[in-house]
Amino acid sequence: MSPPLLEVSNASKIYAMGGLLSRRRFAAVADVSFTLEEDRHEIFTIIGESGSGKTTLARMILNIVPATEGTIRFRGVDLATIRKRADRLAFMRQVQPIFQNPFEAFNPLKRVDRYLYMTALHFTDARTADEVRAKADRALRQVGLSLAEVKGRFPHELSGGQLQRVAVARSLISSPALIIADEPVSMVDASIRMSIVNLFKALRDTLKVSIIYITHDLATAYYISDRIIIMKKGEVVESGNAREVLAHPTHPYSILLKNSVLSPDPSRRDELLAPQFSSTEKDIAALR
Amino acid sequence: MLSILKDLLRYNREFAAGAALLGIVVAMSAMSALAPMPPDDVYVVPPDLPPSWTYLMGTTSRGQDVFWQLSFAIRNTLLFGFIVALLSRILSLVIGLLSGYLGGFVDRVLMSINDTFIVMPLFPILVMFYFVMRDRMSWAALALVMAGLGWAYDARLIRSIAMSLRTRQFTEHSVYSGMSTRQIVAQEHLPYVMPIVFSTTMNNINWSIGLEVTLSVLGFTNINTPTIGVMIYWANQHTAMTAGVWWWVFFPVALVIMVFIGLFLLAVSMNEYIDPRSRLSRMRSAKT
Amino acid sequence: MTAGAPTTVGAAGQGVAEAPQPQPVLRVSDLSAFYQTHYFGIVREVRAVDDISLHVLPNEIYGLAGESSCGKTTLIKTIAGAIQPPLNVVGGSVKFDFRGQSINVYESTPEERNAMRWQHLSYIMQGSMSVLNPVRRVRHSFVDFAFRHIGRSMPDFLDTVVGHLERLHLRADVLDAYPHELSGGMRQRVTIALATVCRPEFIIADEPTTALDVVVQKGVLAMIRGIQREIGSSLLFVTHDLSVHANLADRLGIMYAGHIVEEGPTAELFASPRHPYTVHLIGSLPRVGDAAPKKGLEGVPPNLADPPPGCRFHPRCPLAMGICSRETPVMEWAGPGRRVACFAAEKGITA
Ligand SMILES: Nc1ncnc2c1ncn2[C@@H]1O[C@H](COP(=O)(O)OP(=O)(O)OP(=O)(O)O)[C@@H](O)[C@H]1O
Ligand SMILES: Nc1ncnc2c1ncn2[C@@H]1O[C@H](COP(=O)(O)OP(=O)(O)OP(=O)(O)O)[C@@H](O)[C@H]1O
Ligand code: SF4
Ligand SMILES: [Mg+2]
Ligand SMILES: [Mg+2]
């Protein structure tokens with residue numbers, strides 16, 4: 001039997017934060033385990049409180065930060081053993097990230113198309129400038145942009161949504177087996193959001209890519225995910241089939257989460273200031 | 001490259017002024033190739049003549065033509081400054097950027113070397129060096145030693161910038177675009193430290209020429225290679241100022257000041273060119 | 001800082017709000033702002049804000065919605081006077097009328113503009129990292145930014161800040177962290193805290209809650225609205241998330257490709273959208289429990305460097321008629337407090 005695509009076992013990450021004298025150690029990620037199977041291509045969603053360690057977990061899977069405890073294996077290889085540049089490149093070809101904030105993900109002094117070319121050059125067989133540009137253009141077209149719109153432009157010349165789409169396009173270039181998308185759609189409007197989310201679906205179904213989708217948006221999570229975990233303070237508080245968990249959450253935090261989704265209905269707007277909401281605040285305090 | 005230069009000349013007054021000043025100085029040093037007599041010969045012209053049409057900048061008490069003598073002196077001084085700056089910039093860039101980007105062990109080793117250099121007293125070392133080398137003391141040896149002594153402070157500055165760049169998201173994005181350490185450091189991070197490199201280049205040339213002049217005036221260098229400092233040394237030996245032979249001192253000093261101002265203006269305008277936003281603003285305001 | 005100060009028209013300010021025609025705090029008239037670049041002979045003009053008029057009343061929350069890259073950020077940058085080449089204002093005006101002090105942003109000196117920014121206006125920028133210094137602890141950003149304006153002793157000031165952070169569900173120890181040690185949402189809340197700790201009269205916020213989880217988002221929106229009601233300030237709020245607008249905005253402007261295409265009170269706009277684009281936006285909202293396939297809008301967003309002629313929406317509009325590709329519809333009155341720019345809506349056709 002082939003090893004699973006990704007196996008996260010009891011992974012934890014401990015950070016120390018605070019001033020010089022009052023350093024406090026805390027677990028940004030605490031004892032998280034899950035497995036993505038090789039031949040079951042799925043969209044695996046991580047939802048959770050802000051600061052609950054979703055990005056940290058993503059960075060651990062991307063091998064950017066080492067796990068303090070536990071192991072993470074990709075196709076049977078323990079990430080802690082990946083050291084040589086050739087191994088790292090091979091790993092990165094198969095696992096690609098989309099970062100949370102597109103304004104921070106691009107070097108302000110460099111043109112954005114450069115990242116596309118670099119990815120094509122290092123991770124595909126494109127060699128000539130024309131081939132590289134063709135790869136970049138194809139990827140951009142998949143997200144509703146074209147090279148002509150992006151070519152030669154600096155990040156400050158593009159809007160947030162445009163930048164995020166360039167980031168998505170870049171991650172597609174190397175045809176990875178696993179994409180780790182950290183809030184890829186939080187910066188874009190509903191219409192583009194749906195096209196990116198639909199693109200993820202298509203990637204899963206036609207290109208056989210598994211996707212770890214980190215989001216705050218319960219609606220798109222419900223719409224595309226197969227499995228879900230809900231995190232709070234570094235721990236997984238609930239997990240399972242996405243539709244079931246979102247439809248019938250059992251953990252108090254998951255319930256709170258679901259109830260906090262703003263309804264797109266102006267007639268219920270006074271809920272925001274209503275006493276009900278203050279009770280939500282109390283809930284949060286109690287949960288902490 | 002050419003179009004950038006054209007652009008700078010057209011839209012940037014500081015650049016034009018700086019380039020003009022340096023142009024004069026460089027032209028002066030280029031004149032050395034046309035000199036009718038070698039720089040070492042003495043008593044080839046009548047001594048102590050004030051500036052005139054035959055002797056543009058007068059003659060020295062040693063029977064040398066100040067103009068031709070100065071052309072050799074400025075050539076050597078400029079070369080000296082540039083070589084010291086070039087070598088020490090390369091050292092401080094490589095050490096600072098790598099130390100900041102790689103962190104950890106490499107950083108600790110490099111920075112302890114760095115700190116040793118920062119606390120070393122320069123002047124006594126240079127004087128000591130002169131006494132050790134004595135007759136073998138040459139212009140090139142001095143340049144090497146000064147480059148070896150002049151990088152440490154700036155390397156620390158560059159390291160601190162590189163450290164903050166390492167935490168920026170785009171660095172991770174670059175890693176996942178397949179870029180190597182060399183590419184990240186040289187292409188992504190280098191532009192951020194270029195303004196510092198330019199302004200410190202200017203300071204460094206300033207510092208090395210200043211130190212060279214001081215050492216030379218005191219006679220701690222090879223007084224047979226004409227430099228600006230050596231010229232002033234000889235002028236002092238012949239008490240030129242009290243003897244009224246002011247042109248022997250005035251022209252070398254004036255030329256050195258032109259070098260300083262020219263370099264300063266260049267550094268300022270280059271800084272601006274590196275930041276695409278301010279460059280665009282300048283081009284626009286020139287248009288309207 | 002201005003909140004505590006006695007104002008000459010303090011009482012009147014509230015009274016006026018009930019009167020039929022209160023004086024707007026912000027009045028934007030025929031504003032156009034383009035990105036104009038002349039790069040080695042190639043001229044490029046991105047018409048990101050094109051002939052926009054709007055006003056914001058005291059004590060009002062004005063929401064601005066629209067798809068990515070339609071020019072929302074550009075519009076509010078222009079309003080805040082935070083423009084930098086290549087962005088240029090090519091026409092129109094932006095006037096603020098604060099209690100007893102009015103200012104025309106593009107006819108004032110940079111000093112006056114800065115003074116206004118400090119005293120009355122606070123601008124929460126999109127992408128929060130830019131205001132936080134990456135190599136200094138968060139505490140320093142607060143001290144640099146707000147200490148002078150709050151005018152208390154340092155311990156008192158820090159108490160205020162900590163209290164304020166708590167309202168945003170942040171613990172005091174974020175003050176000792178470097179920006180990169182905070183999660184995306186925490187950074188974003190720190191930015192909001194920075195911008196609101198001085199309790200400004202006019203708050204401009206660009207996508208301030210996009211990186212927050214729904215629980216915190218709700219809390220932050222409640223806090224923003226709380227502050228806004230408490231000090232009677234006005235809020236210009238940009239987000240593409242219509243659910244946020246539904247819960248926060250009193251009035252809503254819909255932007256498409258550099259134009260405002262529809263405007264009206266939030267509830268009415270949601271109940272009966274007139275412009276086909278608004279209809280699409282409201283219809284395409286994803287909901288939990290809804291897994292029916294949804295599509296994005298057909299076609300591509302217009303290229304603002306070369307917008308389509310006539311109505312800029314016509315290549316994607318289900319109701320497009322012949323006239324739409326020839327003439328540009330103007331914003332017309334369409335019921336009490338409502339305006340819309342569409343030939344079909346004018347005739348009473350809706351999608
Ligand atoms: N480099 C670091 N040093 C110290 N603490 C850190 C570091 N990176 C993250 N943290 C802390 O770890 C916790 C989890 O952060 P993380 O970025 O993973 O949250 P998140 O779930 O992605 O939140 P968000 O939804 O707001 O992006 C936070 O409390 C954060 O302050
Ligand atoms: N400095 C610039 N130079 C040239 N074009 C620019 C510049 N900044 C923005 N643009 C362009 O102006 C248009 C509007 O950008 P803007 O940032 O206002 O969009 P937005 O509505 O805020 O989008 P988002 O919701 O994605 O943030 C985009 O097409 C963008 O590419
Ligand atoms: S003016 Fe015409 S094209 Fe534009 S939105 Fe109305 S119907 Fe559609
Ligand atoms: Mg995160
Ligand atoms: Mg924007």
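By convention in this document, chain letters (A, B, ...) are assigned in the order of the sequence lines, proteins followed by strands, and residues within each chain are numbered from 1. Below, all heavy atoms of this structure are taken into account, side chains as well, without hydrogens, waters or symmetry copies.
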* Structure fact -> Nearest heavy-atom approach of E38(A) to H41(A) is O-CE1, 3.5 Å
* To do: Scan T201(B), N204(B), D154(B) and name whichever one has a side chain to side chain donor-acceptor pair (under 3.5 Å) with S88(B).
  => N204(B)
* **Per-residue contact mode, S174(B) against chain A (heavy atom under 4.5 angstrom)** => both
* Should the pair F26(A) and Y15(A) be assigned to parallel (<30°), tilted (30 to 60°) or perpendicular (>60°) ring geometry? -> tilted
* Asked: Should the ring pair Y192(B) and F170(B) be called parallel, tilted or perpendicular, given that the plane angle runs from 0 to 90° and is split at 30 and 60?
  -> parallel
* Aromatic ring centroids of F106(A) and Y115(A) under 6.0 Å? -> yes
* To do: Using non-hydrogen atoms and a 4.5 Å limit, figure out which bit of I98(A) sits close to chain B: side chain, backbone, both or neither.
  => neither
* Asked: Which atoms of Y117(A) come close to chain B, meaning under 4.5 Å heavy atom to heavy atom: side chain ones, backbone ones, both, or neither?
  -> neither
* Can you tell which of I64(A), L89(A), V95(A) has the highest number of heavy-atom pairs within less than 4.5 Å of chain B? -> I64(A)
* Asked: Of all of R170(A), R59(A), R88(A), K110(A), which one pairs up most often with chain B through heavy atoms under 4.5 Å apart?
  -> R170(A)
